[in-house]
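Here's the structure, in structure tokens; my notes come after.
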Amino acid sequence: MRLVALAILVIPGILATYGIKLMRDAFFGELVSIFFHIYIQFFIGLVLFIGGLLFIGGFIVHRDRKRQLTKGGRNNRYKHHHDSNETN
């Protein structure tokens, strides 16, 4: 199961990394042969980067919510020892 989760995270990570490379190449004026214009290359790189980043972030948030580790849940690591409803 962990291997499947790793594969699910590696593919968007590779796409996000390739998106960064495309943006960097467009910024320095190196056109990749499959694109017709530098602006299209930069835009596709930006979409790949943001898409990969959002997928990985969403995966982590989903996993933390499933395990009730997000802020505001009942049993989480961020909860203080004192309740706000206690009287002093």
Would you give the length of the straight line joining atom CZ of R63 to atom CG of L69, rounded to the nearest 0.5 angstrom?
7.5 Å
Residues that F27 engages under side chain to side chain contact (heavy atoms under 4.5 Å, CB included), provided they are two or more places apart
none
Apart from I8 itself, what residues make up its hydrophobic cluster, given side-chain heavy atom links below 4.5 Å?
V4, L9, F55, I56, F59, I60
Connected-component partners of M1 among ILVMFWY, side-chain separation under 4.5 Å
none
Residues 13-21 side chain polar contacts: donor-acceptor under 3.5 Å, at least two apart:
| unit_1 | atom_1 | unit_2 | atom_2 | d |
| --- | --- | --- | --- | --- |
| T17 | OG1 | G13 | O | 2.8 |
| K21 | NZ | D25 | OD2 | 2.5 |

Hey, can you pull the donor-acceptor pairs under 3.5 Å for the side chains in residues 30-47, sequence neighbours left out?
| unit_1 | atom_1 | unit_2 | atom_2 | d |
| --- | --- | --- | --- | --- |
| H37 | ND1 | Y39 | N | 3.3 |
| Q41 | OE1 | V32 | N | 2.9 |
| Q41 | NE2 | L22 | O | 3.2 |
| Q41 | NE2 | E30 | O | 3.2 |

For residues 47-59, which residue pairs pass the salt bridge (charged side-chain N to carboxylate O under 4.0 Å, His left out) check, not counting sequence neighbours?
none
